[in-house]
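Encoded as C-alpha cells, the structure appears first; notes follow it.
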2 protein chains.
Amino acid sequence: MRITITDVARESGVSASTVSRVVHDNPRISDETKSRVRETMERLGYFPNALARGLAKSSTGNLGLILPNSSENLFVNPFFIEAMRGIGVEAQSRGYNIMFSFSNNEDEEVGFIRNYIKSRWVDGIILLTSRKNDRCMAYLRKKEFPFVVVGRPDKADSTLWVDNDNFHAVYDVVNLLIDRGSRSMAFVGGPEDFSVTRDRLSGYKQALSIRGLKEDSGLIGFGPDFSESGGKATMQALLTERRPDAVVTTDDYIAFGVIDALLEVGLDDIAVVGFNNTLRGRYQTPTLTSVDVNPAELGAGAAALLIDKVTRREGASDHRIIDTVLIERDSTSGILLKSGRKKPGE
Amino acid sequence: MRITITDVARESGVSASTVSRVVHDNPRISDETKSRVRETMERLGYFPNALARGLAKSSTGNLGLILPNSSENLFVNPFFIEAMRGIGVEAQSRGYNIMFSFSNNEDEEVGFIRNYIKSRWVDGIILLTSRKNDRCMAYLRKKEFPFVVVGRPDKADSTLWVDNDNFHAVYDVVNLLIDRGSRSMAFVGGPEDFSVTRDRLSGYKQALSIRGLKEDSGLIGFGPDFSESGGKATMQALLTERRPDAVVTTDDYIAFGVIDALLEVGLDDIAVVGFNNTLRGRYQTPTLTSVDVNPAELGAGAAALLIDKVTRREGASDHRIIDTVLIERDSTSGILLKSGRKKPGE
DNA sequence: AATTTCAAAGCAAGCGTTTGCACACATTCT
DNA sequence: AGAATGTGTGCAAACGCTTGCTTTGAAATT
C-alpha cells in the first residue's frame, strides 16, 4: 500500500492540511509540529503524489520541449543534444521535469503543443527554433501560454527568447576574413525565414559597409535548408555569376556543401567559415573555421527564463544573450588544400 | 474558464460517467448517445485533463528516460539522440509521453529513478545502458517497477531488454578480417562491466576459434571508457607486447584512438573496425569500417516492449533483437594510408 | 401476467493534494 | 473584566476524472 498524506497525518496526530503545510514549510505551523511531522514522513517514507498535487494546484512542474521537424541533418548536428542537455540540467536543478516530442512538420509541432497545453501536462513550452510566421508561436500567443524560443522571435512583443548575438558573431567573422585579405566575400545562408539567417545576413552587410566594401546581391544566396546538399547547390548557382574569394555560411553543413562545390570546379584557395562548431568540421579536410554558439548555454538560458516566468519571479527579464566563440582552423588559413594540411607559415 | 467533463455532460444531457465512457469508447454506451456526446465535445473543444485522469486511474501514460552519466563522448555520439528519436516516435505513436533526465553519476541516476517512481510521474522507465551490477536495475527490481534496458541485462530474469546480436555482429567482423588476411587480431573494448563489451568479446573469441585461430590474452584490452583517449592508451599498452595485423574495437571513438596509437608508431597497414557508424568515421582519414547498430530501432523497440508491459498486453515477449549492418570502408581495405585515399584495386 | 434478462445510463465514492475560512485558545490592550 | 489581536490547526470544498454498483425501463421468457 502506497502511503499518502493522510497516513502521515494520522500517524503524527495532525490533520492532512497541516502535513501539507509542513511539506511547503508554511510559517504558520509551529517548529515543534513541523519537526514531529517531518520525522513521521521520514519514517514512513512519504513522497507527495505529483499528479494529485498538480491537480490541486493546477500546475505541474513540467516543461514541454518541441524538437524541430527532424530533417536528418538537424540530428547529426550536436547542437540539439547539447541544447537539450542544457535545458535538462537547468530544469532539474530547479525541480522541473522535461517532456519532449519529435515532429515531422509544423502541423505536427502545433499538434503536440496543443496536446501539451490542453491535456495540461506542462506549465510552459520551449521551442528550439525561431522562424518567421511560425505557427507554433502564433498558436502559443493566441492561447497566451508561457513559452520561450531559442533564437530571436519574429515579432517584438513580450515573447521570451534566448539567442546569440548573431549580428556580432558574423561581424567578427567578416572582419577576420577581411583581415585575411578578402575583398569579395559571399554569404550563403539557410532558409531566409529563419531569424538566425536574417540576423547573420545583416551582420555581414553591416561589417562590409563599415569596412568600406560594397555589398553585392550577386554574392548572397539562401539554401532550402541547413544541409550539405543545399549548401552545395546554392554555391553552385552563385558561382555561375561570381567568383568570391571567401564565403561566410550560417552552418557547418552548409559550409561543407560550399567547399564541395568549390573544389569540384577547382577552386581550392577560397576561405570558408561555418557555424556550430561541429565535430565533423574538426576532423574533415580541410578543418573548418567555425563559430561555437554555446548550445548548452542557450538551452539552460531558455529553461531558466521560462521557469522564472511560470513562477512569476520578480524582475525576470525577457531575453538572454549567449556569447559565441570564433574558432579559427584551416579553412581560413589562406588556401583550401585538398590534402588538408595547413599552409606553411600561416 | 476551462471546460471539463461535467460541462460536456450537462450540455449533452447525460452524466459525467457517460461522457467518460464515451471518451473510452465503452461498448455499454449506445451509438446514438456516443455520437451526441462526441458532437458536444467537439463543439465545446473538450480535452481531458491528464492529471485528473492519471490520478483516477493511477497511471500516467508517461515513460521516464534515464540518460547515462554524460561523459562527454557519449554526447558527440549520435547513438543517443538517435535512440531518443526512436523512443520518442514509438511512444508518441502510442499516445505516451517521454520525460528525460541527465545524470552525472550512478547515484544521480538512482535518485532520478526514485523520484520518478515515488512522485508517480511515469508508468515505466527506460535505461539506455546495461552494466554489470547496475544499481539502477537493482533499485527498479527491488521496487518491482516496470522498466526496459537497452543492452542485455546482467541477470537473466524477467527483465525486458532490447539489444543487437552483438555476438554475431562481431563474429561477422572477425570473419571479414580473416578473409582480408588477418592472422593476429587484437580486441580493444570499453569497460569490461558493460554487457556490450563482454558480448562482443565472446563473439570475437568464438569466431577465432571456429576459424582455427588461437586466442591470445595478450591481444585483448579494455579501456576505461568509450573515449578516444581511452582507446589510444589501451592500444599503446597492448603494443608494448604484441604486433597485431588487425584490431576489432567496440566503438568508433575507441577505434579513432587505436588508429592514433598505431600511426604514432608508424603502423599504417593495420586494419581497424569500429562500432556505431559515427559521422566522424565517415569523414575522417582513413574512413572507418564500422558496424551500424540501428540506434533508432533499439530505442523504438525498447519503448514498444515497455508499453506492451505496462498495458499488460498479451503475448508480449521480453526482449527484442535488432539487426546490425557492417559497413566496410577504407580502414579495412588492407592498408591504413595517412592520405586516406583508397588503396587501388581493393 | 409474473418473472427473468438485458441494455443503457446514473450515483457516488474514490484518487491525493491544496487552501480559504473558521475556530479555539492564549495574549495583550483598554 | 471585557474586547481586540495573534497564533497554530482543522474543516471541507475544490481539482477533474474513473469505475463498481445500482437503477430504470423494455424485451424476452415461462
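Chain letters run A, B, ... following the sequence lines, proteins first and then strands; every chain starts at 1.
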When you measure only distances, ignoring hydrogens and angles, does the side chain of [X] come within 3.5 Å of the base of [N] through a donor and an acceptor?
{"X": "A:Arg10", "N": "D:dG10", "result": "no"}
{"X": "B:Thr4", "N": "D:dC17", "result": "no"}
{"X": "B:Ser17", "N": "C:dC11", "result": "yes"}
{"X": "A:Arg28", "N": "D:dG10", "result": "no"}
{"X": "A:Arg21", "N": "D:dG10", "result": "yes"}

Would you say [X] reaches [N]'s phosphate, i.e. side-chain N/O to OP1/OP2 under 4.0 Å?
{"X": "B:Ser15", "N": "C:dC11", "answer": "no"}
{"X": "B:Thr33", "N": "C:dA9", "answer": "yes"}
{"X": "A:Ser20", "N": "C:dT18", "answer": "yes"}
{"X": "B:Thr18", "N": "C:dA9", "answer": "no"}

Test item: A:Asn164 side-chain N/O and A:Val293 main-chain N/O as donor-acceptor pair under 3.5 Å:
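Checked: pair present.
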We want to know whether A:Thr60 and A:Arg53 form a side-chain donor-acceptor pair, criterion being a heavy-atom distance below 3.5 angstrom.
no
Run the salt-bridge test on B:Glu11 and B:Arg43 with the 4.0 Å N-O cut-off and return the result as yes or no.
yes
Is it true that A:Arg38 and A:Asp25 have a side-chain N and a carboxylate O under 4.0 angstrom from each other?
yes
